[in-house]
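Scroll down for the structure; my scribbles are underneath it.
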Amino acid sequence: MSQLPKRIIKESQRLISDPVPGITAVPHEDNLRYFQVTIQGPKESPYQDGLFKLELYLPDDYPMVAPKVRFLTKIYHPNIDRLGRICLDVLKKNWSPALQIRTILLSIQALLSAPNPDDPLSNEVAEHWKRDEQDAIATAKEYTKLYATEQ
Amino acid sequence: MKVTIQNWHSIFAWHWDVPGDEVCGICRVAFDGTCPVCKFPGDQCPIGKFFDCLFCFVILRSHVGHVLTFCPAIGSCHHSFHMHCILKWLDTDTSKGLCPMCRQIFTLENSNNKEVFEALSGRPSPLEEGILEQEGTPV
Ligand SMILES: [Zn+2]
Ligand SMILES: [Zn+2]
Ligand SMILES: [Zn+2]
């Protein structure tokens, strides 16, 4: 593998020296482009008190292309599918190299606070959300308790 | 006291006169260094290699004139990048021709670099046509 670009080194260092509240991102020893991420469920969201594991990978073309991010922890959310894939504009068509790992993780945290069933990835969940929001939120809380809290 | 200078040598330093940050908005490397793709001017850079023959052109037109990919590209919006970095970005579909920082259409402010930019982004420049003529390529 070629040498790690300076930008990635700088970003990794800053994630450790100046972490974002509620978020951790640690590069893997063997592959410095692969990060193990955790995001705390935001307060006042159905994900509160949950700790969600994610994986983030910086493709060779990064920062010309967005990082690849996926939830590893099961989560009930209209914009996250069963495989943990996330529907978020800044990860696709609105990516810009001015964005960073940090800003992307913040956007994901914000997405947990503000699910958007009108731009869904997981159709069933979005349908549920639109049909009966209270019930969907209850399911999301259940999932959080089941899968995102340390036993 | 009388001093006789027996010999002296001069030292100089240079750096790019770029507004705002001293680093590229894309790769965050200083403009006085190469972009992450290039190790040395010309040698390693795929764009530089292709346009080797344009070096004289660049040396004539830009004051330091080191290498094409060395030139910072300063946008009309005053955001600046390595020439190579911004070209790579503008080449992607996602960019839609926009500045990574402010998402306005990216245009160059500085007319010297504009020629380099046009040459690099493959649009016909007078010099390219000149080369084709020298090689006797029939039209
Ligand atoms: Zn750059
Ligand atoms: Zn380059
Ligand atoms: Zn700009």
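Because the structure is predicted, anything quoted here is derived from the model rather than measured. Each chain gets a letter, A, B and so on, in the order the sequences are listed, and its residues count up from 1.
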Task: Residues in side-chain hydrogen bond (donor to acceptor under 3.5 Å, both in side chains) contact with A:Y76, at least two apart in sequence or another chain - done: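 A:Y76 satisfies side-chain hydrogen bond (donor to acceptor under 3.5 Å, both in side chains) with A:H128 once adjacent residues are dropped.
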Task: Counterpart residues, side-chain hydrogen bond (donor to acceptor under 3.5 Å, both in side chains), relative to A:T24 (two or more places apart) - done: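 Checked A:T24 against side-chain hydrogen bond (donor to acceptor under 3.5 Å, both in side chains); matches are A:T38.
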TODO: Give, as side chain, backbone, both or neither, the part of B:T94 having an atom under 4.5 angstrom from any heavy atom of chain A.
DONE: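 Contact with chain A is through both the backbone and side chain of B:T94.
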Task: Point-to-point distance, once rounded to the nearest 0.5 Å, from CZ of B:R28 to CD of A:Q100 - done: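 B:R28 CZ to A:Q100 CD: 4.5 Å, rounded to 0.5 Å.
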Open item on the list: Report which part of A:E11 has an atom under 4.5 Å of a heavy atom belonging to chain B: side chain, backbone, both, or neither.
Closed with: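 For A:E11, neither part sits under 4.5 Å from chain B.
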Are [Y] and [X] connected into the same hydrophobic cluster when the rule is that any two of I, L, V, M, F, W, Y join if their side-chain heavy atoms are below 4.5 Å apart?
X: A:Y147; Y: A:L72; result: no
X: A:L88; Y: A:V65; result: no
X: B:L98; Y: A:L99; result: no

Task: Check: A:K93 main-chain N/O paired with B:K96 side-chain donor or acceptor under 3.5 Å - done: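 Side chain of B:K96 to backbone of A:K93, a donor-acceptor pair under 3.5 Å: yes, one is there.
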Open item on the list: Can you tell me if A:K141 has over 12 outside heavy atoms packed within less than 6.0 Å of its NZ?
Closed with: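 Atom NZ in A:K141 is not crowded, with 12 or fewer foreign heavy atoms closer than 6.0 Å.
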Task: A:N94 vs B:R103 side-chain heavy atoms within contact, under 4.5 Å - done: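 Counting from C-beta outward, A:N94 and B:R103 do come under 4.5 Å.
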Open item on the list: In the structure I gave you, are the side-chain heavy atoms of B:I26 and A:M64 within less than 4.5 Å of one another anywhere?
Closed with: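 Yes, side chains in contact.
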TODO: Mind listing the closest non-hydrogen atom pair of B:W89 and A:W95 along with its distance?
DONE: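 That closest heavy-atom pairing would be CH2-O, 3.3 Å.
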- [ ] Of all the heavy-atom pairs spanning B:P100 and A:A98, show the shortest one and how long it is.
- [x]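 Shortest heavy-atom separation between B:P100 and A:A98 comes out as O-CB, 3.2 Å.
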